[in-house]
Amino acid sequence: MASYKTLDDLFKAVSLRGMRILIRADLNVPMKDGVITDTTRIERVAPTFVELAARGARVIVLSHFGRPKGAPEAAYSLECVAKGMEPFVGQKVAFAHDCIGEDVNQTIKALAPGQIIVLENTRFHPGEENNDPVFAEQLSQLGNAYVNDAFSCAHRAHASTEGITHFLPSYAGRAMEAELAALDKALGNPTRPVMAIVGGAKVSTKITLLGNLVKRVDVLVIGGGMANTFLAAQGKKVGKSLCERDFFDTARHIQANARGAKCEIVLPTDVTVAAEFKAGADCRTTSVDNVPDDMMILDVGPATLEDLGRRFSEAKTVLWNGPLGAFEIPPFDTGTTGAARQVAALTKQGKVISVAGGGDTVSALNQAGAADDFTYVSAAGGAFLEWMEGIELPGVAALERN
Ligand code: AMP
């Protein structure tokens with residue numbers, strides 16, 4: 001398990017009353033017409049704000065929002081988000097129209113102990129994404145200590161995620177700590193056997209991921225559109241299915257590496273096929289050896305799902321990224337939903353540890369009503385994938401170095 005300091009270490013080191021604590025959060029929430037449409041990210045970091053505020057700290061929140069180009073843009077202001085945070089932290093949240101400078105410093109110093117302030121979008125300054133040490137130092141001057149609670153931003157070496165740690169004692173917030181602990185349980189130091197499910201559209205976007213997983217898990221289930229490429233690389237006909245012909249060698253290479261690493265790769269044995277990808281399309285189940293030329297594979301079939309169920313019950317840890325089929329349109333959600341519910345039920349019975357993440361995976365598990373029963377569902381997209389790929393995350397490495 002990686003070593004980094006947590007809030008408990010901070011509490012042991014100093015009394016927080018009146019201290020200015022800078023927290024990097026991910027307040028990059030989806031928003032429509034000034035209203036936050038999904039508050040998950042706020043809900044995850046709110047406990048850290050509340051805990052620090054309860055100890056009398058002045059809580060100073062840093063975040064990016066959207067993709068402004070290194071200059072202020074009204075559409076990317078965090079002001080609405082600061083307001084939207086209030087019900088989750090149980091107090092009025094102050095807002096500063098910049099994230100560096102003497103004015104902001106004075107506003108922070110005027111806060112009462114236990115108050116929370118959100119600073120304006122860090123990406124309004126080019127130094128944020130360039131990880132400019134001058135900008136990082138300016139940020140650091142606003143606080144006495146730094147807490148990173150934004151795992152989802154940890155794959156970027158930006159001033160507010162990495163640069164700042166060179167200037168302040170740095171700690172992991174509660175959400176960061178929970179995420180790192182869950183990930184460690186799933187892949188860093190897991191209870192075996194470990195089974196990974198990787199689905200989604202294309203092999204080409206997940207080569208590094210598959211390459212890392214075959215070295216580290218016992219069973220790797222490949223589903224979704226990417227399974228078609230593996231099946232076709234074995235000489236099977238996949239009709240009109242999504243298939244990346246340029247990646248046949250890659251698929252064969254991954255299978256050879258898996259054999260060398262004693263990782264069993266599991267591909268669908270039966271599939272749901274349809275002539276077109278639309279709701280209510282005429283579909284049927286067929287063996288992967290009999291996919292008609294004029295049809296496409298859009299989901300795994302019932303025999304595959306049953307086989308997965310048996311395998312889940314033999315696993316101790318299940319790691320999941322990517323849907324097993326085109327889950328957005330019924331009935332092609334059947335495989336993903338069925339598998340998700342099986343893993344959720346085993347988790348609830350205490351039989352497996354289950355960790356899932358990556359954009360579409362979270363919506364697929366929510367759609368299946370399974371997300372709440374998983375051990376941990378990561379709200380991070382890119383950072384979760386890079387972590388699964390075995391890539392060092394600069395934001396996490398910075399905490400460990402500190
Ligand atoms: P990814 O972003 O790579 O995780 O891919 C997610 C997308 O893969 C979803 O939009 C699914 O609809 C799509 N997908 C999964 N299985 C298939 C399939 N058999 N054919 C086409 N698209 C699929």
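Counting starts at 1 for both ligands and their atoms, in listed order.
Residue, atom and distance of the protein heavy atom nearest to atom 21 (C) of ligand 1 are Leu242 CD2, 3.9 Å. Regarding atom 2 (O) of ligand 1, its nearest protein heavy-atom neighbour is Asp360 OD2, 3.5 Å. When hydrogens are left out, the protein atom nearest atom 17 (C) of ligand 1 is Gly225 N, 3.3 Å; that is the closest non-hydrogen contact. From the protein, the heavy atom lying nearest to atom 10 (O) of ligand 1 is Glu328 OE2, 2.5 Å. Annotation: atom 5 (O) of ligand 1 to nearest protein heavy atom, Ala201 N, 3.0 Å.
Between the side chains of Asp26 and Ser152, a donor-acceptor pair is found at a separation under 3.5 Å. With hydrogens and angles left out, the side-chain atoms of Asp103 and His97 include no donor and acceptor closer than 3.5 Å.
At a threshold of 4.0 Å, the pair Arg310-Glu306 does not count as salt-bridged, since none of the basic side-chain nitrogens sits closer than that to a carboxylate oxygen. Of the charged side-chain nitrogens involved, at least one lies within less than 4.0 Å of a carboxylate oxygen, so that Asp307 and Arg311 count as a salt-bridged pair. Of the charged side-chain nitrogens involved, at least one lies within less than 4.0 Å of a carboxylate oxygen, so that Glu128 and Arg24 count as a salt-bridged pair.
Every atom of ligand 1 with a heavy atom of Leu298 under 4.0 Å away is listed here by number and element: 19 (N), 20 (N). Atoms of ligand 1 lying under 4.0 Å from any heavy atom of Gly200, numbered from 1 in the order shown and given with element: 1 (P), 3 (O), 4 (O), 5 (O), 6 (C), 8 (O). Close contacts between ligand 1 and Ile297 involve ligand atoms 18 (C), 19 (N), 20 (N) [criterion: under 4.0 Å to a heavy atom].
Relative to the ring axis of Phe11, Arg55 places its NZ or CZ within 45° and under 6.0 Å from the centre.
Contacts between Lys206 and ligand 1, counted as non-hydrogen atom pairs separated by less than 4.0 Å, involve the side chain only.
Ile391 places none of its side-chain heavy atoms less than 4.5 Å from the side chain of His155.
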